[in-house]
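Notes follow once the structure below has been shown.
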2 protein chains.
Amino acid sequence: MHRPTIEDVAKAAGVGRGTVSRVLNGGPVAERTRARVEAAIAVCGYEANVHARSLASGRSDVYAAVLTEPYGEVFEDPTFGLMLQGISSALTGTEISLSLLIATNGDERERAIRHLDPARLDGVIHLTPHIEDPILAALDPTLPTILCGAIDIPRVNLWTVHADDYQGGQLGARHVLERGSRTVAILAGPKDSYSAETRVAGQRDALGSHFRSDLVASASWGGEGGTNAMAALLAHEPAIDAVLCASDRQALGVMALLQALGRRVPDDVRVVGFDDQRFAARCLPPLTTVRQPIAQIGANAAEVLHRALAGGNPESVTLPTELIVRASA
Amino acid sequence: MHRPTIEDVAKAAGVGRGTVSRVLNGGPVAERTRARVEAAIAVCGYEANVHARSLASGRSDVYAAVLTEPYGEVFEDPTFGLMLQGISSALTGTEISLSLLIATNGDERERAIRHLDPARLDGVIHLTPHIEDPILAALDPTLPTILCGAIDIPRVNLWTVHADDYQGGQLGARHVLERGSRTVAILAGPKDSYSAETRVAGQRDALGSHFRSDLVASASWGGEGGTNAMAALLAHEPAIDAVLCASDRQALGVMALLQALGRRVPDDVRVVGFDDQRFAARCLPPLTTVRQPIAQIGANAAEVLHRALAGGNPESVTLPTELIVRASA
DNA sequence: ACAAGCAGTGGGAACGCTCCCACTACGTAC
DNA sequence: GTACGTAGTGGGAGCGTTCCCACTGCTTGT
């Protein structure tokens with residue numbers, strides 16, 4: 001009648017409760033016994049009760065993914081979704097479940113902080129590009145934490161997984177230099193983004209003497225960010241012949257502006273994106289861009305967390321980026 | 001030293017364990033006692049252990065959101081993200097947490113089904129536009145379920161929350177008729193979408209004698225779906241002077257095609273989108289579209305589930321759509 | 001004055017696991 | 001033959017709640 005318990009399985013297999021538990025958790029059991037227990041599990045259709053397990057073991061087998069972005073921005077950008085997919089796919093085959101915490105305002109942030117509790121979760125994957133996130137400060141240092149995007153905070157139990165933004169910045173910059181551009185504008189991401197800052201560092205170093213700090217502008221990640229920042233830069237320096245964007249969405253906004261101004265891409269101005277989102281291959285002209293393995297960042301985050309919880313001593317991960325040359329630069 | 005338990009609070013307040021539990025769960029407690037217990041809770045910094053609570057009560061205080069789309073598609077479209085945000089915001093202030101299940105392939109689907117277990121979850125919010133989803137079939141009928149998008153399956157413990165697609169279809173169709181279009185093409189969504197079908201029904205009825213079944217084409221939700229389907233329709237009937245799309249992303253693809261063909265929007269062809277995504281206001285020309293309250297669908301789904309679990313007898317919800325007139329039609 | 005009700009309370013039992021200690025049965029060394 | 005491992009096993013105790021029943025001390029009615 002009721003859902004079978006471990007005791008039912010034990011009775012069915014003619015063994016003790018402890019032995020069934022050992023079979024479930026990989027303890028030492030004689031091969032003959034293990035086979036009998038596994039058969040009994042199958043016959044009963046037994047499925048362990050997660051709450052009883054968590055109560056007894058202290059583990060909850062839940063990871064949280066935390067998103068902190070203003071309302072409407074979160075999924076406007078496919079980036080976060082792809083990271084979630086990466087996390088999710090890395091969790092396939094495990095017993096871990098993924099708790100989603102979205103904090104777009106104060107109330108939601110409060111809820112997120114309340115839920116980010118070692119008693120509820122085994123670990124946290126924090127997806128935000130913002131350097132100063134109040135949630136980070138509120139996080140219990142006991143709770144193993146992976147940061148994807150935010151700066152590497154000195155703390156125990158904390159690791160980072162992100163793309164090699166410095167190298168990515170270099171790749172784009174070198175490319176436009178090789179193609180002959182000399183007056184290179186840089187659209188950085190928002191000021192509070194660690195990635196954006198690091199990319200600019202890579203771009204600066206690659207551009208060398210051609211780097212002009214007056215051609216660097218901060219802009220939001222979206223298309224209008226690109227349009228506005230590019231318009232301002234062009235007003236200041238009409239001779240710009242290449243622009244390195246912080247995102248593909250920015251690049252789209254830039255290309256729309258250039259088109260409206262009658263400037264040809266790439267003939268007059270080379271445009272390089274960042275991310276290699278799906279639409280980058282489909283827009284006109286197809287976008288030359290620096291690919292970052294977004295889903296893989298998510299997957300690695302989950303794996304690093306896994307290893308940390310298994311008692312290993314994992315290392316933070318920096319994933320390589322790759323230049324995808326298409327028509328825009 | 002250790003995390004305070006309900007017993008610690010009881011001792012601190014000088015009451016029994018049962019009384020503290022009653023305070024926590026809104027049972028009958030004398031006002032004086034309640035105040036004393038609440039003070040003790042605050043002093044101890046007590047926070048109930050969710051696993052013990054779930055084990056004892058049988059409730060898990062977890063809702064699952066299920067996404068089933070092929071890889072890369074899920075968050076390409078901001079729709080799902082907005083629904084998640086809606087759900088999340090409706091959960092603010094409750095003790096419910098949201099478990100995310102993404103199923104883009106067979107393995108992940110298997111994991112999702114394993115996790116969709118009444119012992120783990122109190123209820124399911126299923127976000128898919130597909131009529132036949134294997135996960136739906138595998139769902140335990142015991143588990144209260146809300147469908148957002150999929151067809152209304154006859155089952156106990158199941159409700160739907162979605163936009164009024166029929167009315168939305170009518171709104172767009174009437175509008176282009178009023179503006180003078182007479183040769184109206186319809187880009188439906190994918191064939192296995194219930195919403196898409198319903199919208200076409202609304203469009204058909206509103207177009208009346210001007211409805212031409214040879215000008216209806218199925219297309220995927222994305223931009224290239226719009227481009228391809230529209231190209232085929234134009235080859236068949238060059239006189240098309242309006243097109244009703246199933247999504248804003250389709251509309252974008254259509255407008256890009258029309259522009260490439262040298263047809264003006266809206267002068268030669270009126271284009272109506274569906275959704276009113278953020279970019280609809282920003283594209284060129286700004287898109288006339290049928291707004292559906294996507295985030296609110298998610299929020300209502302969570303609320304309906306809540307009510308169902310509270311023992312109420314909620315009703316399925318159909319939310320009104322709204323025509324947003326901009327420049328494209 | 002006494003029975004009956006009733007609001008408020010305490011604490012035993014149960015929820016279904018894991019952890020760990022004690023125990024058995026067998027092999028091995030002396 | 002006895003002592004000593006050692007691999008394998010059973011089950012008690014405990015995890016921190018909720019649920020519910022029994023109990024107390026008042027109020028109310030007769």
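Note: CZ (B:Arg59) to C1' (D:dT17) measures 11 Å, nearest angstrom. Distance CG (A:Asn49) to P (D:dT17): 17 Å, rounded to an integer number of Å. If you take CZ of A:Arg53 and P of D:dG16, they are 18 Å apart, rounded to a whole angstrom. In this structure, the CG atom of B:Leu24 is 6 Å from the P atom of D:dT18, given to the nearest Å. Atom CG in B:Asn25 sits about 9 Å away from atom C1' in D:dT17, given to the nearest Å.
Summary of the strand contacts: B:Arg22 and B:Ala48 both lie near DNA chain D, and taking for each the nucleotide with the nearest heavy atom, the more 5' one is attributed to B:Ala48. Between B:Arg34 and A:Ile6, the residue whose closest nucleotide on DNA chain C is further toward the 5' end is B:Arg34.
Minimum atom distance to the side chain of A:Arg17 is reached by D:dG12, of the listed D:dC15, D:dT18, D:dG12.
Side-chain N or O atoms of A:Ser316 include one that pairs as donor or acceptor with a backbone N or O of A:Thr160 at under 3.5 Å. For the pair A:Arg36 (side chain) and A:Ala13 (backbone), a donor-acceptor distance under 3.5 Å is present. Proximity of a side-chain donor or acceptor of B:Thr92 to a complementary backbone N or O of A:Asp107 within less than 3.5 Å is not detected.
Using a 4.5 Å heavy-atom threshold, the side chains of B:Pro144 and B:Leu309 count as touching. Side-chain contact between B:Arg53 and B:Asn25 is present, with at least one heavy-atom pair separated by less than 4.5 Å.
Looking at heavy-atom distances under 4.0 Å, B:Val50 makes no contact with the nucleic acid at all. Among the heavy atoms of the strands lying under 4.0 Å from B:Thr33 are primed sugar atoms or P, OP1, OP2 only; no base atom is included.
The pair B:Arg114-A:Glu95 meets the salt-bridge criterion, since a charged nitrogen lies less than 4.0 angstrom from a carboxylate oxygen. Salt bridge B:Asp117/A:Arg3: present, at least one basic N to carboxylate O contact under 4.0 Å.
Distances shown here put a side-chain N or O of B:Ser21 below 4.0 Å from the OP1 or OP2 atom of D:dT18.
Scanning DNA chain C 5' to 3' for nucleotides with an atom closer than 4.0 angstrom to a non-hydrogen atom of chain B gives a first and last hit of C:dG8 to C:dG16.
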